[in-house]
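By convention in this document, chain letters (A, B, ...) are assigned in the order of the sequence lines, proteins followed by strands, and residues within each chain are numbered from 1.
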There are 2 protein chains.
Amino acid sequence: MEPTDDETGPALPPVIAAAWGLRERAPKGPRPGLTLAGIVAAAVALADAEGLAAVSMSRVAKELGAATMALYRYVGAKDELLTLMVDATFGEPPDPGGTGPDWRAGLAGWAWAERAALQRHPWVVRVPISGPPLTPYSLSWLENGLRCLAGTGLTETEKMSVMLLLSGYVRSDALLTAQIQEASAASGRRMDEIMPEYGQLVARVADPARFPALRKVISAGVMNQEDGPDDEFVFGLDRLLDGVEALIRSRTAT
Amino acid sequence: MEPTDDETGPALPPVIAAAWGLRERAPKGPRPGLTLAGIVAAAVALADAEGLAAVSMSRVAKELGAATMALYRYVGAKDELLTLMVDATFGEPPDPGGTGPDWRAGLAGWAWAERAALQRHPWVVRVPISGPPLTPYSLSWLENGLRCLAGTGLTETEKMSVMLLLSGYVRSDALLTAQIQEASAASGRRMDEIMPEYGQLVARVADPARFPALRKVISAGVMNQEDGPDDEFVFGLDRLLDGVEALIRSRTAT
DNA sequence: CTCCTTCTGCGTATGTCATACGCTTAATTG
DNA sequence: CAATTAAGCGTATGACATACGCAGAAGGAG
């Protein structure tokens, strides 16, 4: 179960190979009673139902009717299980990523879909990510995003940077939403009470003389307005895509 | 040590009050042998030297020559200590946030400074954040950022959204950098080897027929180019500020 | 000066967790 | 049928956060 590191390149973590279906099962030995996919699915269901904190190796094993240590035949460490859990929640990206001419609509759809996936499984943003994506679904999403940028005059480096920027933004937004949900659950208040309360706390703590701009924001009622949670996302997404559009236009003009 | 929840508003977590210097020491009882600031400073030093994983309550206490449980007189839970650690690493923002007319230069400077702070303490991006900022330095940074936007025609809500967008971006970028550092430390390879290796792994795992756009990026050598790590940051920052500029221009034009 | 209140430091105990190690046993091949 | 290989898993280890309650210090009240 060592990472394979032959002359063709660097080590491929075994669990990643397994996720891509590249694991050749040895002909000898007892047949496996569990599957990697089954373990991941059980862990995802558990996280959905009781939160990421409930996902311990022993708890997942119990859910499967197996012993804790049985899982380690499929997964080298809990870390790897978490990586696969995240990948599983994304699933196949929604759409062939049409090579249609409208890159902007394509990327916007991509962002909305990723956001939806993250909101279906709010714990995903709490998983500490260990590196750039190598898992099947994650790469599928990246692929589809990149396809949207095919017709633009951007360099490959720029395309990648745009995807990095966009996925980072979606993640940031989802993190914020998740925080509000958690704060609501922890304090027992309704979700639409969290931000107004935050505004009050800031007002109590921030001296108007030292924090004039901040106080102005608060007293303008920014935290109290009844905005659908989508408004914030729309704003950032529009800004971001405007920035990309400016670049593309300058490229096309040249 | 209960959160105070009087008629003036919602509960202010006691450790936040302490961080703002709002704690009135009781006249009775033995004098405290530790200080909250000292505990936080020790924890930050420990995280800087040995990483976030080394920061356990017992380890921090040992660093101070105190017993583990002594810390709980100053901090309700480890979570709170982490929040204060993050705040401490930011420190006072660099510059009065001049109300000069050039919002763009101001915000860019803000972003670079925040990025520098995060890179001085790479573990900060690994701290699970529990909610919107309430700590002194965090709010100072927010204040200074907001001031940059004073002259623009943006609404208060929009200003806040811009700051959210920008700080999320800086954080995302710092997270990526931290991941590369961690991967480098874990695998023993040099930091500039990590991305090329990632490219090779993707090439090994992603079938060209199913991932054409991704393969095109890889084979264009995107992962191999000798880019200063700043290039990525510059690109995203420019896009982002371009997007904000487009909005401001449309506002001013009206 | 003395007692009482109040708060600090901290020893101990508890429950949880990830995971290393090695035994047993089931498939399969020769 | 014997040898091989890997699956399931029981046990043990060490780390961790933190609840609880005691002992002693500091100051105020009488």
Side-chain angles (χ1 to χ4, degrees), chain A residues 1-2 13-15 17-18 23-39 42-43 46-47 50-85 123 126-128 130 186, chain B residues 1-2 13-15 17-18 23-39 42-43 46-47 50-85 123 126-128 130 186:
Chain A
M1 272 291 190
E2 277 299 298
V15 77
R23 196 167 55 174
E24 71 280 2
R25 197 174 101 59
K28 299 218 179 166
R31 226 166 292 131
L34 303 172
T35 44
L36 186 53
I39 293 170
L46 187 55
E50 305 182 29
L52 193 57
V55 179
S56 68
M57 296 302 275
S58 53
R59 184 65 198 283
V60 173
K62 186 176 300 178
E63 224 69 23
L64 291 163
T68 306
M69 294 311 292
L71 303 186
Y72 285 94
R73 294 283 176 204
Y74 300 82
V75 159
K78 187 184 180 180
D79 197 87
E80 298 180 353
L81 175 57
L82 290 173
T83 300
L84 296 183
M85 288 171 65
W123 47 267
R126 291 305 192 178
V127 175
S130 44
Chain B
M1 272 292 193
E2 277 300 296
V15 78
R23 195 166 58 174
E24 70 281 359
R25 198 174 101 56
K28 299 215 179 168
R31 226 166 291 132
L34 303 172
T35 42
L36 185 53
I39 293 170
L46 187 55
E50 304 182 30
L52 194 58
V55 179
S56 69
M57 296 302 274
S58 52
R59 185 66 198 284
V60 173
K62 185 177 299 180
E63 224 69 24
L64 291 162
T68 306
M69 293 311 292
L71 302 186
Y72 285 93
R73 293 285 177 204
Y74 298 84
V75 158
K78 186 184 181 181
D79 197 88
E80 298 179 354
L81 175 57
L82 290 173
T83 300
L84 296 184
M85 287 170 66
W123 49 266
R126 292 304 195 178
V127 175
S130 45

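- The distance between atom CZ of Arg59(B) and atom P of dG14(D), rounded to the nearest whole Å, is 18 Å.
- Every residue meeting the side-chain hydrogen bond (donor to acceptor under 3.5 Å, both in side chains) condition with Ser58(A), not counting sequence neighbours, appears here in chain and number order: Ser56(A).
- To the nearest 0.5 Å, the span separating CD on Glu63(A) from CG on Leu46(A) amounts to 5.0 Å.
- Pro32(A) has its side chain out of reach of Arg73(A): every pair of non-hydrogen atoms, C-beta onward, lies at least 4.5 Å apart.
- Between Trp123(B) and Glu50(B) the shortest side-chain heavy-atom distance does not fall below 4.5 Å.
- In this entry the distance linking CD of Glu50(A) with P of dT16(C) reads 14 Å, nearest Å.
- Among the protein residues, Ala77(A) comes within range of the sugar-phosphate backbone only, with heavy atoms under 4.0 Å from sugar or phosphate atoms but none that close to a base.
- The side chain of Leu34(A) lies closest to dG8(D), out of dT8(C), dA17(D), dG8(D).
- Proximity note for Ala26(B) (side chain, C-beta onward) versus dA18(C), dT8(C), dC7(C): the nearest is dC7(C).
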Polar pairs (N or O, both sides) under 3.5 Å between protein and nucleotides 24-30 of chain C?
residue : atom : partner  : partner atom : Å
dT28(C) : OP1  : Arg31(A) : NH2          : 3.1
dT28(C) : OP2  : Arg31(A) : NH2          : 3.3

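- With sequence neighbours excluded, no residue forms a side-chain hydrogen bond (donor to acceptor under 3.5 Å, both in side chains) with Ser130(B).
- When side chains are defined from C-beta on, Val60(B) does not count as touching Thr68(B), because their heavy atoms never get closer than 4.5 Å.
- Put simply, CE on Met57(A) is 21 Å from P on dA12(D), counting in whole angstrom units.
- In terms of heavy atoms, Lys78(B) sits closest to Val55(B) at NZ-O, 2.9 Å.
- If you take CD of Glu24(B) and P of dC7(C), they are 10 Å apart, rounded to a whole angstrom.
- Side-chain atoms of Ala66(B) lie closest to dC10(C) of the nucleotides dC17(C), dC10(C), dT8(C).
- As rounded to whole Å, 14 Å separates atom P of dA17(D) from atom CD of Glu80(B).
- Contacts of Ala70(B) with the nucleic acid, taken as non-hydrogen atoms under 4.0 Å apart, include base atoms.
- Atom CZ in Arg23(B) sits about 11 Å away from atom C1' in dC7(C), given to the nearest Å.
- Within the structure, side-chain hydrogen bond (donor to acceptor under 3.5 Å, both in side chains) pairs that include any residue of residues 25-39 of chain A do not occur (at least two apart or interchain).
- As a whole-Å value, the separation of Asp79(B) CG from dT18(D) C1' is 13 Å.
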Please list each protein N or O that sits under 3.5 Å from an N or O in nucleotides 11-14 of chain C, with the distance.
none

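- At whole-Å resolution of the value, CZ in Arg73(B) and P in dC10(C) are 11 Å apart.
- Between Tyr72(B) and dC20(D) there is no side-chain N or O to OP1 or OP2 distance below 4.0 Å.
- With sequence neighbours excluded, no residue forms a side-chain hydrogen bond (donor to acceptor under 3.5 Å, both in side chains) with Glu80(A).
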